[in-house]
Amino acid sequence: MVFDILAVVVNALTWAMATFLVAAGLTLMFGVLHILNFAHGGFLMLGAYVVFAVARSLGGELSFAGYLAFSVVAGLGVAVLGLVVDIVVFRRLRGVDNAYVLIATYALLLLVEGVVKHIWGAGSHLVSPPEVLIGAFFFGPIVIPYYSVFVIAAGVAVLFALEWFLHHSSPGKLVQAVAIDPWMATLLSVNVERIYSITIVIGFGLAGLAGGILAANQGLNPQLGGISIIQAFGAIIVGGMGSVRGAFLAAILLGLVDSFGTMLVPDFPGIFFYVALAAMLLVRPKGLIGAEVTR
Amino acid sequence: MTSPLLEVRDCDAFYDDSHVLHAVSLRVAAATGVALLGRNGAGKSTLMKSILGAGPTVRGEILLEGRSIARTPAYLRAGMGLSLVPEDRRIFPHVTVAENLAMARRAARQGVEALTPAEAAALFPMLEGLLDRKGYQLSGGQQQILAVARGLVPRPQLLLLDEPTEGLAPIIVQDMAAQMTKVRAQSGAALLLAEQNVSFARHCTESVFVIDSGRIVFEGSWTDFDANRARLERFLAV
Ligand SMILES: Nc1ncnc2c1ncn2[C@@H]1O[C@H](COP(=O)(O)OP(=O)(O)O)[C@@H](O)[C@H]1O
Ligand SMILES: [Mg+2]
């Protein structure tokens with residue numbers, strides 16, 4: 001029984017950190033720009049396909065260092081795309097009605113899906129994880145896949161990096177100031193437009209990086225962009241829109257509830273995520289971490 | 001004649017379709033104190049924001065030391081020695097008093113050494129010992145003083161104070177009047193002070209503009225103001 005529970009916890013944490021990796025850039029951008037980017041999953045998928053394409057062109061398998069390095073490269077590439085998307089799309093969305101934001105970013109998702117289908121086809125692809133991540137730790141009857149440890153470590157690393165950036169670096173402090181009061185930040189001579197662009201670049205970069213890290217976690221197909229974002233939406237809603245820490249905690253909470261729910265009622269896998277989401281919204285409609293942005 | 005530090009020339013200001021300022025002209029000479037009196041809704045804040053380019057749409061000329069800044073973005077104007085302390089204070093709640101002050105250092109002009117948080121706090125006895133307090137832990141009065149101190153951090157050429165005494169206890173207003181005199185003497189900054197509190201404004205400035213319904217209806221020295229007091233009474237707070 002105890003071992004079952006430990007296994008479920010490992011499972012939950014893996015799910016949670018994968019979800020947080022998707023949610024981190026999304027909630028950061030929402031906190032600062034108040035744009036909910038429906039295309040976020042699309043750019044994450046793009047990052048995953050980049051790693052897939054690199055792996056294929058190098059003969060199918062990457063070393064661990066290579067896998068990490070190309071995940072970072074995917075992040076950087078998608079970050080540059082973020083700058084383009086900012087200039088072409090997001091700058092026109094500042095201060096407009098949410099309905100337009102939804103339509104515009106959904107259209108962007110469709111565009112990315114189209115591009116992916118055009119380049120890599122509509123079928124599925126597999127990225128094999130680097131050799132060292134295949135296998136597992138065995139503690140008696142408990143099995144902890146190396147890949148789970150890798151995903152959990154990546155999630156925690158992204159949390160710490162973002163927290164350090166926002167609270168201890170000077171550009172990060174400006175990002176926070178702009179999130180809280182862009183008008184006053186302007187009066188303190190902060191170029192708010194520039195901060196918005198930096199935030200978008202970081203948000204997109206996180207999507208590309210997450211795409212790379214998670215590429216070997218599941219099969220790749222052009223629907224991945226839309227699917228991967230549902231759970232992330234849950235985490236950022238429960239965590240408090242715009243809160244990075246909140247999304248992290250919410251992902252863990254939702255992961256635990258979903259995993260234990262599925263253990264107890266195996267006939268309805270995945271349904272407990274939605275039950276937990278609905279329950280949380282009834283109890284704390286503003287999320288775990290109030291409405292305070294990027295904290 | 002050299003140009004004044006700030007000149008607003010024939011400016012109109014709008015929020016979308018609503019036309020708020022009408023042909024407003026105003027000058028502030030270097031190192032002088034100018035009061036801007038007027039009732040609630042007269043257009044004082046709109047004029048302050050128009051000078052910074054932060055909010056209303058403005059038509060007309062705004063000159064800083066004779067050079068047009070009318071098309072300069074607000075964040076750059078804020079770095080040219082214009083420091084606006086807004087009426088709603090806008091202290092960042094999530095960081096400390098020291099960090100609130102430090103954030104304003106970036107607005108110092110080229111070649112001007114901004115005040116350190118400790119130096120700025122030392123100007124106002126009320127801020128003593130509060131440097132490590134978070135913004136949200138301050139009382140309204142403390143926030144107001146902090147907002148003024150933050151406005152002084154970049155060593156501005158012109159400090160624009162928007163109704164700093166609003167909602168403050170009389171004793172704090174008295175203190176602030178004394179501090180302002182001292183600070184202006186020390187820093188040599190000019191002051192444009194929007195107020196409804198006439199005695200505070202008189203204490204802090206040498207000349208007066210009165211604004212009503214977005215139009216300047218009086219300009220002159222405090223002596224002129226007193227001579228016209230009967231006519232001006234209806235433009236001032238009751
Ligand atoms: N953001 C805004 N949008 C539309 N109208 C505004 C806005 N701010 C102020 N006004 C209007 O502009 C006029 C002048 O306001 P304001 O400059 O704030 O006056 P004061 O500072 O003298 O009290 C008022 O009629 C006010 O209702
Ligand atoms: Mg006002």
Side-chain angles (χ1 to χ4, degrees), chain A residues 27-28 30-34 86-87 91 94-97 162-199 239-246 286-295, chain B residues 16 45 48-56 72-96 98-110 112 114 134-136 143 146-147 149-156 158-162:
Chain A
T27 203
L28 176 71
F30 184 86
V32 178
L33 288 111
H34 308 288
D86 180 36
I87 292 167
R91 275 185 202 174
R94 312 256 153 94
V96 306
D97 195 85
L162 267 181
E163 287 286 311
W164 178 84
F165 172 73
L166 289 171
H167 296 278
H168 297 286
S169 77
S170 25
K173 285 179 183 178
L174 294 184
V175 168
Q176 258 209 43
V178 168
I180 288 168
D181 191 344
W183 187 76
M184 190 63 225
T186 302
L187 292 183
L188 299 179
S189 205
V190 177
N191 183 350
V192 169
E193 280 301 317
R194 173 115 124 254
I195 297 294
Y196 285 157
S197 299
I198 291 173
T199 306
M241 304 285 286
S243 167
V244 172
R245 257 178 239 180
K286 290 207 156 160
L288 291 175
I289 312 262
E292 208 57 89
V293 280
T294 67
R295 302 189 61 191
Chain B
D16 298 322
S45 300
M48 301 283 228
K49 292 173 192 168
S50 299
I51 292 168
L52 266 295
T72 307
Y75 81 93
L76 288 177
R77 293 191 212 186
M80 297 169 94
L82 298 176
S83 186
L84 171 59
V85 178
E87 57 189 330
D88 48 1
R89 294 147 195 184
R90 303 261 186 161
I91 296 304
F92 288 100
H94 65 295
V95 295
T96 62
E99 286 178 286
N100 266 286
L101 292 167
M103 213 182 297
R105 286 172 59 84
R106 53 178 297 106
R109 281 161 292 155
Q110 281 237 298
V112 173
K134 288 275 170 79
Y136 68 83
Q143 287 196 12
L146 173 57
R150 179 175 66 180
L152 289 164
V153 163
R155 293 192 201 259
L158 174 62
L159 181 66
L160 301 99
L161 284 185
D162 195 352

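Numbered from 1 within each chain, the chains take letters A, B, ... in sequence-line order. These figures come from a predicted structure and were not determined experimentally.
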Asks: Does a side-chain heavy-atom distance below 4.5 Å link Met48(B) with Glu87(B)?
Replies: no

Asks: Mark yes when over 12 heavy atoms from residues, nucleotides or ligands other than Asp97(A) sit less than 6.0 Å from its CG; otherwise mark no.
Replies: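 Yes, the 6.0 Å shell around CG holds more than 12 heavy atoms from other groups.
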
Asks: Among Leu158(B), Leu52(B), Thr72(B), which residue satisfies the side-chain contact (heavy atoms from CB on, under 4.5 Å) criterion with Met80(B)?
Replies: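 Result for side-chain contact (heavy atoms from CB on, under 4.5 Å) with Met80(B): Thr72(B).
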
Asks: Looking at side-chain heavy atoms only, is the closest gap between Arg90(B) and Leu187(A) below 4.5 Å?
Replies: no

Asks: If I measure from the heavy atoms of chain A, does Arg150(B) come under 4.5 Å with its side chain, its backbone, both, or neither?
Replies: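 Interface part for Arg150(B): side chain.
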
Asks: Just so I understand: if I count every heavy-atom pair under 4.5 Å between each of Asn191(A), Asp181(A), Val190(A) and chain B, which residue has the most?
Replies: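 Top option by heavy-atom pairs under 4.5 Å: Asn191(A).
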
Asks: Below 4.5 Å from any heavy atom of chain A, which atoms of Leu84(B) appear? Answer side chain, backbone, both or neither.
Replies: both

